[in-house]
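Order of the sequence lines sets the chain letters (A, B, ...), proteins ahead of strands, with each chain counted from 1. When reading the values below, keep in mind they use all heavy atoms of this one structure, side chains included, and skip hydrogens, waters and symmetry mates. In this text the structure is predicted, and so the values were computed from the model without any measurement.
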Number of protein chains: 2
Amino acid sequence: MAVNQTAQKILIVAQKNLQQKGFNGFSYRDLAQEIGIKTSSIHYYFPTKDDLALALVTAYHEAFKIELAKISSEDGTRLHLERYAKLFEDNLAVDNKFCLCGMLASEVNSLSDRVKQAIQRFFTDNELWLSQLIADGQSNGSFKTINSPDLVAAQLLATFEGAMLIARSAEKDSVLKFRLVVQGAIESLC
Amino acid sequence: MAVNQTAQKILIVAQKNLQQKGFNGFSYRDLAQEIGIKTSSIHYYFPTKDDLALALVTAYHEAFKIELAKISSEDGTRLHLERYAKLFEDNLAVDNKFCLCGMLASEVNSLSDRVKQAIQRFFTDNELWLSQLIADGQSNGSFKTINSPDLVAAQLLATFEGAMLIARSAEKDSVLKFRLVVQGAIESLC
DNA sequence: GTCTATAACTCGATAGAC
DNA sequence: GTCTATCGAGTTATAGAC
């Protein structure tokens with residue numbers, strides 16, 4: 001797990017570039033210039049751009065898992081959903097970034113199978129977590145929706161991803177627009 | 001309005017490429033080879049890639065307006081919403097394409113201001129149309145939601161765009177997955 | 001590990017013949 | 001209107017010096 005310091009810098013800058021401009025929207029040169037190293041150094045750690053993409057999805061997914069576990073360990077049901085939405089909002093709030101996996105999902109036809117599968121795992125993991133949350137909320141009376149937890153989960157994830165996508169294109173007050181849609185979606189469950 | 005035959009071919013092939021691979025995911029060379037002409041011929045009709053993108057958004061938006069008018073002229077309220085969702089589903093059904101404006105929205109940081117604004121107009125137009133539909137449905141009792149039509153409209157558009165994005169990455173049964181989420185979203189309004 | 005240098009190719013775009 | 005030819009710059013990626 002202990003990753004080299006340069007590799008870390010690369011991952012951080014690459015993540016930002018990917019979430020802002022997409023997989024086909026940045027180059028090794030962009031990263032190298034921003035970090036202050038040469039492109040060959042990036043290739044040393046991530047031989048191909050596909051390797052870099054996979055590392056980014058993996059790291060993003062892992063970080064997400066940790067946050068989800070944190071949320072689950074706390075009290076509240078509706079609050080969980082709001083904290084969950086906040087994870088996405090944070091991307092938007094700093095540099096108007098899109099969800100890393102949402103971005104790659106839009107470029108799915110330019111990606112290798114292994115990256116594609118890593119994105120699918122991110123989405124299914126999120127739907128699974130949300131589904132469990134919905135089921136719990138239905139049990140304890142927090143959510144009044146009678147639809148199947150799986151369906152509501154898929155709906156929520158779609159709404160959140162779509163809300164980011166559209167809010168981001170508005171550019172101005174994108175966080176506010178995202179928050180409105182999210183609050184509306186949560187409201188209609190309670 | 002009468003557009004040259006070659007220009008038409010370019011627009012058709014470019015639209016497919018854009019919806020499949022994104023603005024940064026295809027080149028003039030790709031289009032030229034698929035059509036059977038030279039890249040310089042494309043530059044003759046669309047001097048820059050930005051010109052091409054703007055033409056594509058404009059054409060896509062115009063086609064959408066015509067379809068929305070058709071739907072509005074028919075009977076039904078909930079049915080309108082289902083026909084509306086079908087417009088998006090049709091993209092998914094053939095070659096697993098994403099919404100053209102959804103795709104460009106993800107790449108918003110690589111686009112010129114005029115293209116960005118054209119995308120924003122597409123989204124606001126859609127939200128306006130949906131908002132009117134929701135308001136009508138609330139009046140005639142088709143929709144039981146008491147939220148503001150504007151909010152519900154923004155929510156629906158986000159859900160549909162996000163559902164396309166995620167379903168597309170699943171690749172298998174993507175239409176089915178999209179349909180499930182859409183039906184769930186419509187259901188919860190009635 | 002990081003660099004220089006470079007290969008091999010693709011990109012958007014333009015000039016000018018036909 | 002479509003072509004050939006080409007420019008200048010960008011792309012991913014690698015070989016080899018230090």
Quiz item: Think B:Thr6 has a side-chain N or O under 4.0 angstrom from the OP1 or OP2 of D:dG1?
Solution: no

Quiz item: Which pairs, with at least one residue in residues 163-187 of chain A and sequence neighbours excluded, count as a ring pair (Phe, Tyr, Trp, His ring centres under 6.0 Å)?
Solution: none

Quiz item: Quick one: does A:Gln138's side chain have a donor or acceptor within less than 3.5 Å of a partner on A:Asn147's backbone?
Solution: yes

Side-chain atoms of residues 149-162 of chain A: list all donor-acceptor pairs with protein atoms under 3.5 Å, sequence neighbours left out, distances to 0.1 Å.
residue, atom, partner, partner atom, Å
A:Asp150, OD1, A:Ser131, OG, 2.7
A:Thr159, OG1, A:Gln155, O, 2.8
A:Thr159, OG1, B:Thr159, OG1, 2.7

Quiz prompt | Qualifying ring pair (Phe, Tyr, Trp, His ring centres under 6.0 Å) pairs, either residue in residues 87-115 of chain A, two or more places apart | solution = A:Phe64-A:Phe88, A:Tyr84-A:Phe88

Quiz prompt | side-chain N/O B:Tyr44 vs D:dC3 OP1/OP2, d < 4.0 Å | solution = no

Quiz item: Taking the six-membered ring of A:Phe23, is NZ or CZ of A:Lys49 closer than 6.0 Å to its centre and within 45° of its axis?
Solution: yes

Quiz item: How close or far is atom C1' of C:dT2 from atom CG of A:Asn4, stated in whole angstroms?
Solution: 11 Å

Quiz item: With distance as the sole test, does A:Asn140 use its side chain to make a donor-acceptor pair with the main-chain N or O of A:Ser142 at under 3.5 Å?
Solution: yes

Quiz prompt | For A:Asn109, all residues meeting side chain to side chain contact (heavy atoms under 4.5 Å, CB included), sequence neighbours excluded | solution = B:Gln20, B:Lys21, B:Arg168

Quiz prompt | Lys/Arg N to Asp/Glu carboxylate O, A:Arg78 vs A:Glu82, below 4.0 Å | solution = yes

Exercise. Please list, by residue number, the residues of residues 106-114 of chain A whose heavy atoms come closer than 4.0 Å to an atom of DNA chain D; answer none if no residue qualifies.
Key: none

Quiz item: When the distance from OH of B:Tyr45 to C1' of D:dC3 is rounded to whole Å, what number comes out?
Solution: 13 Å

Quiz item: Between atom CG in B:Asn24 and atom P in C:dC11, what is the gap in whole Å?
Solution: 12 Å

Self-check item: Contact letters for nucleotides 7-14 of chain D, in which S counts primed atoms plus P, OP1 and OP2 and B counts the base, heavy atoms under 4.0 Å
Solution: ---SSSBB

